[in-house]
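First up is the structure itself, then whatever we jot down about it.
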Amino acid sequence: MTRKERFAQFIQHFATHQPEAETELYYENPFQLLVAVILSAQCTDKRVNATTPVLFKAFPTPQALANADVTEVFEYIRSISYPNNKAKHLVGMATLLLNEYNSEVPNKVEDLVKLPGVGRKTANVVVSVIFDKPAMAVDTHVFRVAARLGLTVRAQNPNQAEKQLVKFIPEQYIARAHHWLILHGRYVCVARNPKCNECAITSFCKMYQANAKKGLLI
DNA sequence: ATCCCGAGGG
DNA sequence: CCCTCTGGAT
């Protein structure tokens with residue numbers, strides 16, 4: 001099976017069975033999504049969602065967060081990974097939003113990555129989810145699942161994976177494909193023991209087919 | 001012990 | 001290109 005065919009089957013399957021895929025992060029406006037995605041680095045969405053409602057209530061606007069004390073923000077996010085760094089990043093991010101962007105979340109990746117705590121992955125999530133742009137954010141799930149399926153080939157880092165995925169996926173599917181890969185990775189194609197016996201797309205999964213050929217599965 | 005929607009600094 | 005940050009779930 002060629003890679004182009006894998007992509008075609010991948011899109012065909014999820015467009016049919018999971019057309020409504022979207023982020024599981026809780027947010028009610030662009031600012032809240034930006035904060036949530038910054039917090040989500042190396043942390044489960046579930047844990048982020050357990051802390052953000054209280055955080056958003058305490059700091060509802062970029063101005064409120066910019067004027068906050070870092071140690072106070074830390075207390076709200078202490079149960080999330082890297083709370084020290086993230087508290088610092090959140091206050092710095094809000095300060096830059098307030099001073100340079102009129103308290104509004106910028107809509108370009110090149111501007112977003114200037115914000116403290118915002119790297120390429122976070123910026124891609126924001127422009128994709130908020131501004132509906134065809135950007136592919138490559139996180140741990142996307143990187144792993146795309147490699148297993150054979151949608152990426154020998155990608156050694158997220159940037160290489162992103163280039164390959166964007167190249168093969170039609171623009172109108174990129175934002176959804178991002179969430180398809182994430183959700184599949186979170187619930188089926190998990191890191192440690194992928195649930196291949198529950199997986200609906202083994203017929204075009206490169207890893208599954210390779211393992212089956214070796215007699216390792218089923 | 002490993003993983004979770006990574007980013008920044010050296 | 002490393003390294004560090006660093007809590008909770010499995």
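Every chain is numbered from 1 and lettered A, B, ... according to where its sequence line falls, protein lines coming before strand lines.
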Quiz item: Counting side-chain heavy atoms from C-beta on, which of dC4(B), dC5(B), dT6(C) comes nearest to Ala191(A)?
Solution: dC4(B)
Quiz item: Within the structure shown, what part of the strands sits under 4.0 Å from Arg186(A) by heavy-atom distance: base, sugar-phosphate, or nothing?
Solution: base
Practice problem: Select base, sugar-phosphate, or nothing to describe what Asn84(A) touches, counting heavy atoms under 4.0 Å on all strands. | Solution: sugar-phosphate
Quiz item: Would you call Glu162(A) and Arg120(A) a salt bridge, taking side-chain N to carboxylate O under 4.0 Å as the test?
Solution: yes
Self-check item: Joint cluster assignment, Val190(A) & Tyr187(A), ILVMFWY side-chain distance < 4.5 Å
Solution: no
Quiz item: How are the rings of Trp180(A) and Tyr173(A) set relative to one another: parallel (under 30°), tilted (30 to 60°) or perpendicular (over 60°)?
Solution: tilted
Quiz prompt | Gap between atoms OH and C1', on Tyr187(A) and dT10(C) respectively (whole Å) | solution = 15 Å
Practice problem: Kindly say if Thr140(A) contacts the phosphate of dC4(B), meaning a side-chain N or O under 4.0 Å from OP1 or OP2. | Solution: yes
Quiz prompt | Nucleotide dC1(C), atom C1' - distance to CD of Gln160(A) in whole Å | solution = 13 Å
Practice problem: Determine whether any donor atom in the side chain of Thr23(A) lies under 3.5 Å from an acceptor atom in the base of dC5(B), or the reverse, and answer yes or no. | Solution: yes
Quiz item: Can you tell me how far P of dG8(C) sits from CG of Asp45(A), to the nearest Å?
Solution: 17 Å
Quiz item: Do Phe56(A) and Phe31(A) pass the ring-ring contact (aromatic ring centres under 6.0 Å, His included) test, and can you show the C-alpha distance, the side-chain angles, and the key distance before you say yes or no?
Solution: CA-CA 10 Å; Phe56(A) 293 157; Phe31(A) 173 63; 7.4 Å; no
Exercise. Could you check how far CG of Asn157(A) sits from C1' of dA7(B), rounded to whole Å?
Key: 15 Å
Quiz item: Which of the following nucleotides, dA9(C), dG8(C), dT6(C), is nearest to the side chain of Arg192(A)?
Solution: dA9(C)
Quiz item: Quantified in whole Å, what is the P atom distance between nucleotide dT6(C) and nucleotide dG10(B)?
Solution: 15 Å
Quiz item: Looking for any heavy atom pair under 4.0 Å, which part of the strands does Pro158(A) touch: base, sugar-phosphate only, or nothing?
Solution: nothing
Exercise. Using atom NZ of Lys88(A) as one end and atom P of dC5(C) as the other, report the distance to the nearest whole Å.
Key: 11 Å
Self-check item: Pairwise 5' ranking along DNA chain C for Asn85(A) and Arg47(A), keeping only the more 5' one
Solution: Asn85(A)
Self-check item: Cluster overlap Val127(A) with Leu165(A), hydrophobic side-chain contacts below 4.5 Å
Solution: no
Quiz item: How would you label the contact of Ile77(A) with the nucleic acid (heavy atoms, under 4.0 Å): base, sugar-phosphate, or nothing?
Solution: nothing
Quiz item: What is the distance from CG of Asn159(A) to P of dG6(B), rounded to the nearest Å?
Solution: 14 Å
Practice problem: In whole angstrom, give the distance that lies between atom CG of Asn193(A) and atom P of dA1(B). | Solution: 17 Å
Exercise. Return the nearest nucleotide to the side chain of Asp139(A); candidates are dG6(B), dG8(C), dC4(B).
Key: dG6(B)
Quiz item: NE2 of His89(A) versus C1' of dG8(B): gap in Å, rounded?
Solution: 6 Å
Quiz prompt | Sugar-phosphate, base or nothing in reach of His178(A), heavy atoms under 4.0 Å | solution = base
Exercise. Rounded to whole angstrom, note down the C1' distance from dC3(C) over to dC5(B).
Key: 22 Å
Exercise. Determine: side-chain N/O of Ser81(A) to OP1/OP2 of dG8(C), distance under 4.0 Å, yes or no.
Key: no
Exercise. Determine, for Glu100(A) against Lys114(A), whether the closest basic-nitrogen to carboxylate-oxygen distance falls under 4.0 angstrom.
Key: no
Quiz item: Ile80(A) near the nucleic acid: base, sugar-phosphate alone, or nothing, with a heavy-atom cut-off under 4.0 Å?
Solution: sugar-phosphate
Quiz item: Does Val118(A) or Leu25(A) map to a spot on DNA chain B nearer the 5' end, using the closest nucleotide for each?
Solution: Leu25(A)
Self-check item: Ring-base stacking, Tyr82(A) with dG6(B) (5.5 Å, 30° cut-offs)
Solution: yes
